[in-house]
Protein chains: 2
Amino acid sequence: MDLKEAQEKFISTWGAFGTQWGINRTMAQIHALLLISEEALSAEDIMKKLNVSRGNVNMNVRDLLSWGIVHKVLKFGERKEFFAAEKDIYKTAMQIMKERRKRELGPVLELLEDLKLAEINEQGGDHFSKVVSEIHTFGESTNKMLDKMIKADEHWFTGSLMKFFVKK
Amino acid sequence: MDLKEAQEKFISTWGAFGTQWGINRTMAQIHALLLISEEALSAEDIMKKLNVSRGNVNMNVRDLLSWGIVHKVLKFGERKEFFAAEKDIYKTAMQIMKERRKRELGPVLELLEDLKLAEINEQGGDHFSKVVSEIHTFGESTNKMLDKMIKADEHWFTGSLMKFFVKK
DNA sequence: TTAAACTTTCAAAATTATCTGAAAGTTTAG
DNA sequence: CTAAACTTTCAGATAATTTTGAAAGTTTAA
């Protein structure tokens, strides 16, 4: 397997994998490409490598920026913008957790709170309230746990937490 | 808010939420419906409540069965099959973790191993190998951690692990 | 200024994922 | 058996998402 082949395999698998997690293929592929790219790349570079349109690259790069896992890089003497992925995979994972927590877990917890507060005295209302409460409790625990994980430093994660799990 | 309204809100939010995680809306909605349903439901019941076709219900219920978070229930004296969701939300979450680990993390780790093994001596090959190795290491750690979590009992999760995080 | 270099936008087109429903398949009661 | 009750399948239809590309917008060098 030569380098080009290996890189393409990596990019396309990363892309296919992304779609299973609700991330569009191109976005995942751009991320993969930037991960394995030593240099920061311009929109033009990405277009050529992945064979996608300018608009598509623009939209997805902006999305990756909003997730905080890709950054703009300005090259001295160059007018155009370049992009580079956060190379520390641990930081990347934490950042994705953080964003998903904020964007998704938050709103769901809010809904569950609303549903808990709603007064439901009808037949069957007890069961519904019980299910909602249990999910809410679980969600709150998960939320707290994620919070700790996100705030902890890397050493703690790879050190103490891993030891905790291995010990078990 | 009356019960019906609350239930519909729950089902549709669960559905919308699912799509962000690569789960199709109907599947997530069926799951939500079964979660809040005291009785097991037949395909017919689900069709009526969610207003979807027989084929769609069949496909998605089978999918939920394959994830191990919905079970068949046979009612005495009835020929048709009924379905009920696992009601323990902790067990459900563990089951989903377990399946995602098996279906997705496994294949990715395999790819990363293949890429690590491939001999790449070209210019730029070092960087590529380094990235692949780091992701692989991270993936292996995650894999081990998930393994412990899945094998541990519920008490351990809500007890020791939570304490560990709160202590921190 | 201004014009070239570059980025963003977004309506329409292309693609992909999901859903329908009727037909085929299966099971069971009698 | 056999016919009714029920489940599964899957080709085609529909819906949702993604992509394109050209036009509009912005920035900068001179």
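Just so it is clear: chains get the letters A, B, ... in the order the sequence lines come, proteins before strands, and each one is counted from 1.
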Any sub-3.5 Å donor-acceptor pair from [X]'s side-chain atoms to [Y]'s backbone N or O?
| X | Y | value |
| --- | --- | --- |
| A/Glu122 | B/Leu3 | yes |
| A/Ser66 | A/Asp63 | yes |
| A/Asp45 | A/Ser42 | yes |
| B/Gln95 | B/Trp67 | yes |

Expressed as a whole number of angstroms, how long is the span from [X]:[atom1] to [N]:[atom2]?
| X | N | atom1 | atom2 | answer |
| --- | --- | --- | --- | --- |
| B/Phe83 | D/dC6 | CZ | P | 13 Å |
| A/Lys80 | C/dT7 | NZ | P | 7 Å |
| A/Asp63 | D/dT17 | CG | P | 14 Å |
| B/Glu81 | C/dT28 | CD | C1' | 13 Å |
| B/Lys75 | D/dA5 | NZ | P | 19 Å |
| A/Leu74 | C/dT7 | CG | C1' | 14 Å |
| B/Lys72 | D/dC6 | NZ | P | 15 Å |
| A/Arg62 | C/dT7 | CZ | P | 12 Å |

Could you list the protein-to-nucleotides 27-30 of chain D atom pairs, N/O on both sides, closer than 3.5 Å?
residue: D/dT27; atom: O2; partner: A/Arg79; partner atom: NH2; Å: 2.6

When all nucleic acid strands are considered with a 4.0 Å heavy-atom cut-off, which category describes A/Asn24: base, sugar-phosphate, or nothing? sugar-phosphate
Does the pair A/Glu134 and A/Lys130 meet the rule for a salt bridge (Lys or Arg N to Asp or Glu O under 4.0 Å), with working shown? CA-CA 6 Å; A/Glu134 279 170 7; A/Lys130 186 161 170 272; 3.7 Å; yes
Are B/Lys75 and B/Glu39 ion-paired here, with the side-chain N under 4.0 Å from a carboxylate O? yes
Could you tell me whether A/Lys116 and A/Glu113 have a side-chain N and a carboxylate O separated by less than 4.0 Å?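 Salt bridge: no.
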A/Glu104 versus A/Pro107, closest heavy-atom pair with distance: O-CD, 3.3 Å
Can you see which heavy atom on B/Leu146 is nearest to which on B/Arg101, and at what distance?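 So the two residues come closest at CB-CD, 3.5 Å.
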Under 3.5 Å, N/O pairs linking protein and nucleotides 20-23 of chain D:
residue: D/dT20; atom: OP2; partner: A/Ser53; partner atom: N; Å: 2.5
residue: D/dT20; atom: OP2; partner: A/Ser53; partner atom: OG; Å: 2.9
residue: D/dT20; atom: OP2; partner: A/Asn56; partner atom: ND2; Å: 3.2

Who pairs with B/Lys72 by side-chain hydrogen bond (donor to acceptor under 3.5 Å, both in side chains), at least two apart in sequence or on another chain? B/Glu81
Would you indicate, yes or no, if D/dT19 has its OP1 or OP2 atom less than 4.0 angstrom from a side-chain nitrogen or oxygen of A/Thr26?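 So the side chain of A/Thr26 is within the cut-off, an N or O lying under 4.0 Å from OP1 or OP2 of D/dT19.
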Residue-phosphate contact under 4.0 Å: B/Asn58 side-chain N/O, D/dT7 OP1/OP2: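 False: B/Asn58 side-chain N/O out of range (4.0 Å or more) of D/dT7 OP1/OP2.
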Working for side-chain hydrogen bond (donor to acceptor under 3.5 Å, both in side chains), residues B/Asp147 and B/Asn143: CA-CA 6 Å; B/Asp147 202 48; B/Asn143 199 23; over 6 Å; no
Contacting residues from residues 8-23 of chain A, given that a heavy atom lies under 4.0 angstrom of DNA chain D: none
Here the residues of residues 29-49 of chain A within 4.0 Å heavy-atom distance, strictly under, of DNA chain C are none
Do the ring planes of B/His31 and B/Trp14 sit parallel (below 30°), tilted (30 to 60°) or perpendicular (above 60°)? tilted
Other than B/Val73, which residues form its hydrophobic cluster under the rule that side-chain heavy atoms must be closer than 4.5 Å?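 Result for B/Val73 is B/Phe82.
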Stacked cation flag A/Arg100 on A/Trp21, 6.0 angstrom / 45 deg: no
Per nearest nucleotide of DNA chain C, the residue lying toward the 5' end, A/Glu78 or A/Arg25, is A/Glu78
